[in-house]
Amino acid sequence: MFNSALVNRFRQLETPFYYYDLQLLKATLKVCADAAFKHHFHVHYAMKANFNTEVLNTIQSLDFGADCVSGNEVLAAINQGFKSDKVVFAGVGKSDKEINLALDRDIFCFNAESVQELQIINDLAAAKGKTANIAIRINPNIDAHTHHFITTGLEENKFGINTWELPVVAAKLRQCPNLQFLGIHFHVGSQINDLTVFRDLCSKVNEMQLWFQDEGFKVKILNVGGGLGVDYHQPDQNNIVDFESYFQVFADYLQVNEAQEVHFELGRALVAQCASLISRVLYVKNGIKKNFLILDAGMTELIRPMLYQAYHQIENLSKTDSLKVRKSESLEDGKIQSEELTTYNLQPTTHYDVVGPICESTDCFRTDVELPESERGDLIAIRTAGAYGEVMASGYNLRDHVQSVYSE
Ligand SMILES: *Cc1c(COP(=O)(O)O)cnc(C)c1O
């Protein structure tokens with residue numbers, strides 16, 4: 001991802017910053033769109049993954065909808081050019097102010113997460129003389145087999161409505177004249193790489209839509225959420241997710257009739273690989289049995305490792321002297337049969353705990369990372385930082401807000 005011209009450009013810049021490869025973002029969006037639209041699936045971008053203006057602009061221009069989880073996200077999506085009839089609003093705790101704001105903007109749909117919320121949306125819509133479109137977020141009680149901090153679809157999680165409450169939901173919907181039931185919504189968790197989880201989800205969706213139909217409701221929208229994972233270990237080899245296989249699972253296992261639409265809410269899979277956090281080594285410090293690489297970026301710029309033990313690839317961009325050897329096999333007539341390029345790192349390496357400058361012991365990106373021997377001033381890239389990176393930056397320790405730099 002980083003050629004020498006780019007590293008030279010980085011050398012001129014103050015660190016830390018997020019570097020966005022907008023070409024990779026566009027390529028990813030195109031692959032996703034082609035794979036989804038083939039099945040007439042609709043994709044709403046889960047903007048909490050990254051609401052950087054350039055990123056939003058790029059995604060909006062490709063005709064994706066927006067999945068929002070706060071009133072400000074609804075406003076930002078619309079200001080950024082997303083059409084309000086392609087904006088959905090989810091979230092377990094929508095405030096009255098946020099609901100009113102979304103009603104005023106005539107968004108496409110509220111994904112409701114409790115019986116009480118249904119009543120409140122109904123009352124606020126009634127006060128405006130409006131009808132609110134509703135999808136019921138159902139907790140499918142499916143284990144996403146991902147880190148327990150990022151599963152959302154189990155009964156013990158706070159999200160969604162548990163299936164045993166659905167009779168009460170149905171009764172409530174019948175009593176609320178200012179709610180228009182559109183369909184059902186699910187979201188099982190995040191960073192899911194095991195596609196059988198989505199197959200299980202399809203069975204659950206099929207079961208639940210039948211339940212609503214038996215109750216006399218027309219289920220127009222099947223919203224299966226997001227959660228598709230990316231490869232944090234091999235960002236260059238797998239820089240674009242296999243969207244084809246992902247959507248095929250739903251095409252194969254979801255029961256969809258002519259009148260229905262299938263909606264997705266992808267966040268991470270669209271934006272994770274397009275950004276890296278670039279920082280500099282401030283100090284190299286020897287600890288007991290350990291060496292620390294102290295960076296000028298920390299948990300205030302990228303909190304994922306500290307918040308949910310997330311793994312990120314770490315590279316020293318200043319020590320890339322390597323030997324590329326071209327090995328070729330030739331046939332008897334001299335024609336080259338196969339050629340492969342192998343890279344040998346010529347630098348001696350050391351193991352480091354790569355840490356930030358913040359006054360917290362958890363401010364560590366990774367322990368025991370094998371890197372070329374590094375020194376003050378070296379540029380360090382923390383890869384696959386486009387999702388839940390910049391958006392979670394904080395001002396703790398009164399740090400400067402992290403900058404963004406874009407591909408040219
Ligand atoms: C966060 C979220 C998503 C997106 O999740 P990713 O793992 O980033 O794809 C989709 N839907 C809802 C309701 C969410 O909260």
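Whatever order the structure lists ligands and atoms in, that order sets their numbers, starting from 1. Note that this is a predicted model, so its numbers are computed, not measured.
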Worksheet item: Would D252 and R199 satisfy salt bridge (charged side-chain N to carboxylate O under 4.0 Å, His left out), going step by step from the backbone distance to the final call?
Response: CA-CA 9 Å; D252 289 342; R199 211 171 66 192; over 6 Å; no
Item to complete: Anything under 30° is parallel, anything over 60° is perpendicular, the rest tilted; go ahead and classify F64 against F37.
Response: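 Answer is tilted, since the angle falls between 30° and 60°.
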Worksheet item: Relative to the ring of Y19, is the ring of F10 parallel (under 30°), tilted (30 to 60°) or perpendicular (over 60°)?
Response: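 The rings of F10 and Y19 stand perpendicular, inter-plane angle above 60°.
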What is the closest protein heavy atom to [atom], and at what distance does it sit?
atom	answer
atom 2 (C) of ligand 1	K48 NZ, 2.3 Å
atom 4 (C) of ligand 1	A46 CB, 3.4 Å
atom 13 (C) of ligand 1	E265 OE1, 3.5 Å
atom 7 (O) of ligand 1	S190 OG, 2.3 Å

Worksheet item: Do T196 and D194 get their side chains close enough for a donor-acceptor pair, meaning under 3.5 Å?
Response: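 On atom types as modelled, these side chains qualify, holding a pair under 3.5 Å.
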Discussion item. Applying a heavy-atom cut-off of 4.0 Å, say which part of N111 lies close to ligand 1: side chain, backbone, both or neither.
Written reply: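 Neither part.
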Worksheet item: Does ligand 1 have a heavy atom under 4.0 Å from the side chain of H187, from its backbone, from both, or from neither?
Response: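 Side chain only.
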Using a 4.0 Å cut-off to any heavy atom of [X], which atoms of ligand 1 qualify?
X	answer
R268	6 (P), 8 (O), 9 (O)
R137	13 (C)
D67	10 (C), 11 (N), 12 (C)

Worksheet item: Do we get K38 above F247's six-membered ring, with its NZ or CZ under 6.0 Å from the centre and within 45° of the axis?
Response: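 No - K38 does not lie over the ring of F247 by the 6.0 Å and 45° rule.
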Discussion item. On the six-membered ring of Y283, is R376 placed so that its NZ or CZ lies under 6.0 angstrom from the centre and within 45° of the ring axis?
Written reply: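 Output yes; distance and angle both within limits.
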Discussion item. Just to verify, which of H42, H39, H185 counts as forming a ring pair (Phe, Tyr, Trp, His ring centres under 6.0 Å) with H263?
Written reply: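 When ring pair (Phe, Tyr, Trp, His ring centres under 6.0 Å) is applied between H263 and each of H42, H39, H185, only H42 qualifies.
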Worksheet item: Under 3.5 Å, N or O to N or O, is G189 touching ligand 1 that way?
Response: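 No, no N or O pair falls under 3.5 Å.
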Discussion item. For Y388, state whether at least one heavy atom is located under 4.0 Å from any atom of ligand 1.
Written reply: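 The answer is yes: ligand 1 sits under 4.0 Å from a heavy atom of Y388.
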Worksheet entry | Any G227 heavy atom less than 4.0 Å to ligand 1 |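 A heavy atom of G227 does come that close to ligand 1.
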Discussion item. Atom NZ of residue position K128 - does it have more than 12 heavy atoms of other residues, nucleotides or ligands inside 6.0 Å?
Written reply: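 Yes.
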